[in-house]
Trainee: 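Below you'll find the structure I mean.
Read the numbers this way: they start at 1 and go in the same order the structure lists the ligands and their atoms. Please read all numbers here as calculations on a predicted model, not as lab measurements. Reckoned from all heavy atoms, side chains included, excluding hydrogens, waters and symmetry mates.
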Amino acid sequence: MSFQWSDYSLDELRSHATQVFRQGGGSRPDVMLIEFNGHKAVLKDQAGADKWFALLVGPILNWRETKALKHLHEVQYVPQLLHTPSTRSFLMSYHESEQISHLQHISPDWPVFFERLESAIQAVHRAGVAHNDLRNPSNTLVTPQGEPVLVDLVACFCRGRAWNWPNHWLFTKFAQVDLSALTKLKTRFAPQLLHESDIQAEQIAGKTGMAIKGLGQKIRRLSRRLFTDQQK
Ligand SMILES: Nc1ncnc2c1ncn2[C@@H]1O[C@H](COP(=O)(O)OP(=O)(O)O)[C@@H](O)[C@H]1O
Ligand SMILES: [Mg+2]
C-alpha cells in the first residue's frame, strides 16, 4: 500500500519528530520535522503554545494558514499542504533549507535568488494572497540549490471577492508591504542589486496604513497578554 500522511494521528506524527525547528511556548506553535521510513514533512502544531492561547486562538491561526496554503497549492516556492491532523495543526512538505538570516552551508547566487524570490512573491499575489510577514527574515528560507521557500503564512491577507473594494484596497497595500520586505532583504544581503524602483516601506502606508499597522500590533499584544503567560 502506498504511503499516506493522512493515515497517521497527531500523536503518531509527533512521536516521529526528528528535529525541532521551533519549540512552542507563549503565542508560538511547535514546528518540527517528522520522519516515517524516509518520508519527511513539517508539522506546525498550535497546541505547543500556552494553554489558553492554543485553545482559543490556535484553531483560528491554523485555519488562516491552511486556507492560504490551499489557495497557493500551485505556486512554486511555497510548501504544499499535506494533511490537517487536528484543528490546531497541519503537515506540510519539508524543504531542506536554511533561514536567509542564518546561512551556514549555503551561499546562493544572489541575483538569481532574488529574481526567483520576486517572481515567487508575485505568484503568491496573483493567487490572491499577501504574505504579510516577509519583513521577518526567518520566513524566507534558502535551499542548497539557491531557491527560495516562503513559509509562515499565518499573518496572510486574502484579496477576497471582486465586489469587496475595501478588501481589495487593503490587499494592494499588503502586497506592497511584501515587496518592501524584498527591498529590505536585498538591502541586507545583496545591496548591489538595489534599484531605484524598489519599494520602500515608508512609501506605502501613509497615515491610514500606519494606523492599521499600529492596530494589528495592539491586537497581537492584547491577545498575548490575555491568553499566554507572557506579560509583554
Ligand atoms: N516547510 C518547511 N520546510 C523546512 N523548514 C521549515 C518549513 N516550515 C518551517 N520551517 C522552519 O521552521 C521555522 C519556523 O516556522 P514558521 O512557520 O515560521 O513558524 P512561526 O510561526 O513560529 O514563526 C522556519 O523559520 C523554518 O526554519
Ligand atoms: Mg516564522
Trainee: Should you measure from each heavy atom of Ser138, which atoms of ligand 1 turn up under 4.0 Å away?
Mentor: 24 (C), 25 (O)

Trainee: Should you measure from each heavy atom of Pro29, which atoms of ligand 1 turn up under 4.0 Å away?
Mentor: 22 (O)

Trainee: In this structure, would Phe113 and Val78 fall into the same cluster of hydrophobic residues linked by side-chain contacts under 4.5 Å?
Mentor: yes

Trainee: Classify the contact between Asp152 and ligand 1 as side chain, backbone, both or neither, using a heavy-atom distance cut-off of under 4.0 Å.
Mentor: both

Trainee: Evaluate whether atom CD of Gln192 has more than 12 neighbouring non-hydrogen atoms of other residues, nucleotides or ligands under 6.0 angstrom away.
Mentor: yes

Trainee: Answer yes or no: is there a donor N or O on one side and an acceptor on the other, between the side chain of Asp30 and the main chain of Gly24, under 3.5 Å?
Mentor: yes

Trainee: Please step through side-chain contact (heavy atoms from CB on, under 4.5 Å) for the pair Leu134 and Thr140, ending with a clear verdict.
Mentor: CA-CA 7 Å; Leu134 288 176; Thr140 297; 3.9 Å; yes

Trainee: Around atom NE2 of His102, are there more than 12 heavy atoms of other residues, nucleotides or ligands at under 6.0 Å?
Mentor: no

Trainee: Backbone, side chain, both or neither: what part of Lys44 comes under 4.0 angstrom of ligand 1, heavy atoms only?
Mentor: side chain

Trainee: Taking 4.0 Å as the limit for heavy-atom contacts, which would you say applies to Asn139 with ligand 1: side chain only, backbone only, both, or neither?
Mentor: side chain

Trainee: Could you identify the single nearest non-hydrogen protein atom to atom 12 (O) of ligand 1 and state the distance to 0.1 Å?
Mentor: Phe21 CB, 3.2 Å

Trainee: For Thr228 and Asp50, indicate whether the former's side chain and the latter's backbone hold a donor-acceptor pair under 3.5 Å.
Mentor: no

Trainee: Determine, using heavy atoms of Val151 and all atoms of ligand 1, whether some pair is separated by less than 4.0 Å.
Mentor: yes

Trainee: Would you please classify the geometry between the His39 ring and the Trp5 ring as parallel, tilted or perpendicular, with 30° and 60° separating the classes?
Mentor: perpendicular

Trainee: Starting from atom 9 (C) of ligand 1, find the nearest protein heavy-atom neighbour and note its residue, name and distance.
Mentor: Val31 CG1, 3.9 Å

Trainee: Is the backbone N or O of Ile199 less than 3.5 Å from a side-chain atom of Thr183, with the two atoms forming a donor-acceptor pair by type?
Mentor: yes

Trainee: Give me the nearest non-hydrogen protein atom to atom 26 (C) of ligand 1 as residue plus atom name, then the distance to 0.1 Å.
Mentor: Leu141 CD2, 3.7 Å

Trainee: For atom 8 (N) of ligand 1, which protein heavy atom lies nearest, and how many Å away is it?
Mentor: Met92 CE, 3.4 Å

Trainee: For atom 22 (O) of ligand 1, what's the nearest protein heavy atom and its distance?
Mentor: Arg22 NE, 2.5 Å

Trainee: For the residue pair His125 and Phe171, does the interplanar ring angle fall in the parallel (under 30°), tilted (30 to 60°) or perpendicular (over 60°) class?
Mentor: perpendicular

Trainee: Give a yes or no on whether Trp63 atom CH2 has more than 12 heavy-atom contacts from other residues, nucleotides or ligands under 6.0 Å away.
Mentor: no

Trainee: Is ligand 1 under 4.0 Å from a heavy atom in the side chain of Ser93, in the backbone, in both, or in neither?
Mentor: backbone

Trainee: With 2.8 Å as the threshold, which protein atoms of type N, O or S lie near the Mg ion (ligand 2)? Leave waters out.
Mentor: Asn139 OD1, Asp152 OD2

Trainee: Examine distances only and state if a side-chain atom of Arg88 and a backbone atom of Asn62 form a donor-acceptor pair shorter than 3.5 Å.
Mentor: no

Trainee: Just checking, is any N or O donor in the side chain of Asn136 or Ser138 under 3.5 Å from an acceptor N or O on the other one?
Mentor: yes

